[in-house]
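A quick write-up on the structure given underneath.
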Amino acid sequence: MARPLNSIYIHIPFCQSKCHYCNFTSFTGKKSCIEDYFKALNIDTSCYLKNTLGKKFKTLYIGGGTPSLVESFLYENLLSGINLSDNAEVTIEANPGTVSAQYLKTLRKIGFNRISLGVQCFDNGTLKLLNRLHSAQEAIEAVDYAKKSGFDNISIDLIYGLPGQKLFDWEKTLYQAIDLDVNHISAYGLKIEENTEFFNNLPDELPDEDLNAQMYLRGVEILEQNGFEHYEISNFAKPGFSSAHNLAYWNNDEYLGFGVAAHGYVNGERYCNKTVLESYMENPLEKKTQRKLTADEVLEEAIFLGLRLRNGIDPDEMEKKYSVNLFDRYKHIIEKYKNLGLMDFRGSRLQLTIQGVLLSNDIFADFL
Ligand SMILES: C[S@@+](CC[C@H](N)C(=O)[O-])C[C@H]1O[C@@H](n2cnc3c(N)ncnc32)[C@H](O)[C@@H]1O
Ligand code: SF4
């Protein structure tokens, strides 16, 4: 069955400096390539969008890297070639160390209506250790500028499990975040990724697994007590402010991905664009990988993406969409995790329990 296609992701791979935990595709010292990169992006987007004439997209997400390093006129150009529905969610990621009030005002004016700021934490020593560009005060100011510029849909990213962080520090971070009065918070556990400074030089005093789990559970508790719905493993939103773009991923809908290293999912095919900046700019239309998913892969993805949602999956809906009865195929796995208290039914929906969320990667692996 054809999957809905309502979303576009565009990757902006430029950063001023590299954070010590980050292995996203992003390049430093290449700001001079930005205009040429946008020429390549315009070729990429116009080629694929000409096949979707008349279609209005419901979400556009400009992620990075640091999209806020790019001058607004380039976005104005880019957005003019994309047909968005009137109430589309149009998000841009921004690093608080790179935004001025004027810049955010212009972004708002040219059509962005949601901003996602990488705040991470409010401790200046830790921000320095992470090699972030900004201080805690600058992050707080960035949220304020965003509000004053007319953004009423503001998200911030936080990281827990940071070097030297205690449970009390994380609680303090959460209360400071709540005080900012934003509508959406993403809270990620620090992951030591390959090809990062932290991977090569493991920082001291990393919280152990138990403390990480405590921080996660405490985060859920504090955010829920303060009006945030825990709607996905790492995501919390005030009512009505879940990220429509990310929900499209978790609902296993299709999406177009533009830019270096961007992924897309169209006509049952997953693709990845070229990952080397210069090769992408030379030929933005050539893919690095492109593969039609098998029916089993589509189902497996739908299960593990759907189980990331706290609301879980509806086996009847899954049967309609994928013509597979989950109880027939995965009976022993579902029963095993139900008996362990890691999975449960709420009404007709199958969900991970909060203890299940802590072990989600192992559970997902069992479905593959
Ligand atoms: C592309 S970045 C966000 C925007 C912008 N580049 C910035 O850093 O301000 C997406 C988010 O992923 C999170 N992140 C990236 N690498 C991570 C890691 N290794 N562990 C935990 N969170 C990570 C950070 O919270 C980061 O803000
Ligand atoms: S976390 Fe954001 S700012 Fe830092 S290197 Fe990664 S993409 Fe760039």
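Just so it is clear, the model here is predicted, and its values are computed rather than measured. Every number for a ligand or one of its atoms is a count from 1 in the order of the listing. Numbers here simply count residues along the sequence, with the first being 1.
Checked against the 6.0 Å centroid criterion, the rings of Y249 and Y265 do not qualify as a close aromatic pair. Centroid-to-centroid, the aromatic rings of F236 and Y231 stay 6.0 Å apart or farther. The six-membered or imidazole ring of F258 lies away from that of Y9, with a centre-to-centre distance of 6.0 Å or more. Between Y37 and F14, the distance separating the two ring centers is shorter than 6.0 angstrom.
Under 4.0 Å from ligand 2, the heavy atoms of R132 that appear belong solely to its side chain. If you look at H11 next to ligand 1, there are no close heavy atoms at all, none under 4.0 Å.
Annotation: cation-pi pair K238/F228 present, NZ/CZ under 6.0 Å from the ring centroid and within 45° of its normal. Relative to the ring axis of Y271, K287 places its NZ or CZ within 45° and under 6.0 Å from the centre. A cation-pi contact, defined as under 6.0 Å to the ring centre and within 45° of the axis, is absent between K191 and Y188.
Looking at heavy atoms from C-beta onward, L211 lies out of side-chain contact with Y216 at the 4.5 angstrom threshold. Side-chain contact between N273 and V260 is absent, with no heavy atoms from C-beta onward closer than 4.5 Å.
Between Y21 and F198, the ring-plane angle classifies as tilted under the 30° and 60° cut-offs.
Residue Y188 places no N or O, backbone or side chain, under 3.5 Å from any N or O of ligand 1.
The protein heavy-atom contact nearest to atom 2 (S) of ligand 1 is E93 OE1, 4.1 Å. Among protein heavy atoms, atom 11 (C) of ligand 1 sits closest to D157 OD2, 3.2 Å. Nearest to atom 15 (C) of ligand 1 among the protein's heavy atoms is F24 CE1, 3.3 Å. Atom 8 (Fe) of ligand 2 has its closest protein heavy atom at C15 SG, 2.3 Å. Of the protein's heavy atoms, R132 NH2, 2.7 Å lies nearest to atom 9 (O) of ligand 1. Nearest non-hydrogen protein atom to atom 16 (N) of ligand 1 is Y21 CD1, 3.4 Å. Among protein heavy atoms, atom 20 (N) of ligand 1 sits closest to K191 N, 3.0 Å.
Heavy-atom proximity to N95, at under 4.0 Å, picks out these atoms of ligand 1: 9 (O). Of all atoms in ligand 1, listed by their number and element, those nearer than 4.0 Å to a heavy atom of G64 are 1 (C). Remark: ligand 1 atoms within the under-4.0 Å shell around heavy atoms of L190 are 20 (N), 21 (C). Interface atoms of ligand 1 facing E193, defined by a heavy-atom separation under 4.0 Å, are 19 (N). Close approach to Q120 involves these atoms of ligand 1, each under 4.0 Å from a residue heavy atom: 8 (O), 24 (C), 25 (O), 26 (C), 27 (O). Near T66, with a cut-off below 4.0 Å to any heavy atom, the atoms of ligand 2 are 3 (S), 8 (Fe). For ligand 2, the atoms sitting less than 4.0 Å from at least one non-hydrogen atom of Y21 are 1 (S), numbered in the order shown with element in parentheses. The contact set between ligand 1 and A94, taken as ligand atoms under 4.0 Å from a residue heavy atom, comprises 9 (O). Atoms of ligand 2 lying under 4.0 Å from at least one heavy atom of G65, given by number and element, are 7 (S). Close contacts between ligand 2 and N95 involve ligand atoms 3 (S) [criterion: under 4.0 Å to a heavy atom]. If you number the atoms of ligand 2 from 1 as listed, the ones under 4.0 Å from a heavy atom of C22 come out as 1 (S), 5 (S), 6 (Fe), 7 (S).
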Point to revise | Worked verdict on K172 versus D123 for salt bridge (charged side-chain N to carboxylate O under 4.0 Å, His left out) | key: CA-CA 10 Å; K172 195 170 150 202; D123 179 80; over 6 Å; no
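Residue contact annotation: G97 has no non-hydrogen atom under 4.0 Å from ligand 1. The closest approach between G189 and ligand 1 falls below 4.0 Å for a heavy atom of the residue. The shell of residues lying under 4.0 angstrom from ligand 1, judged by heavy atoms, includes G65.
Judged by distance alone, the side chain of E89 and the main-chain N or O of H245 form a donor-acceptor pair under 3.5 Å.
Residue contacts to atom 6 (Fe) of ligand 2: C19 brings no N, O or S atom closer than 2.8 Å.
For the residue pair N339/E335, the side-chain donor-acceptor check at 3.5 Å is not satisfied.
For CD of E71, the number of neighbouring non-hydrogen atoms (other residues, nucleotides, ligands) closer than 6.0 Å is 12 at most. By the neighbour-count criterion of 12 heavy atoms within 6.0 Å, atom CD of Q225 is densely surrounded, having more than that number from other residues, nucleotides or ligands.
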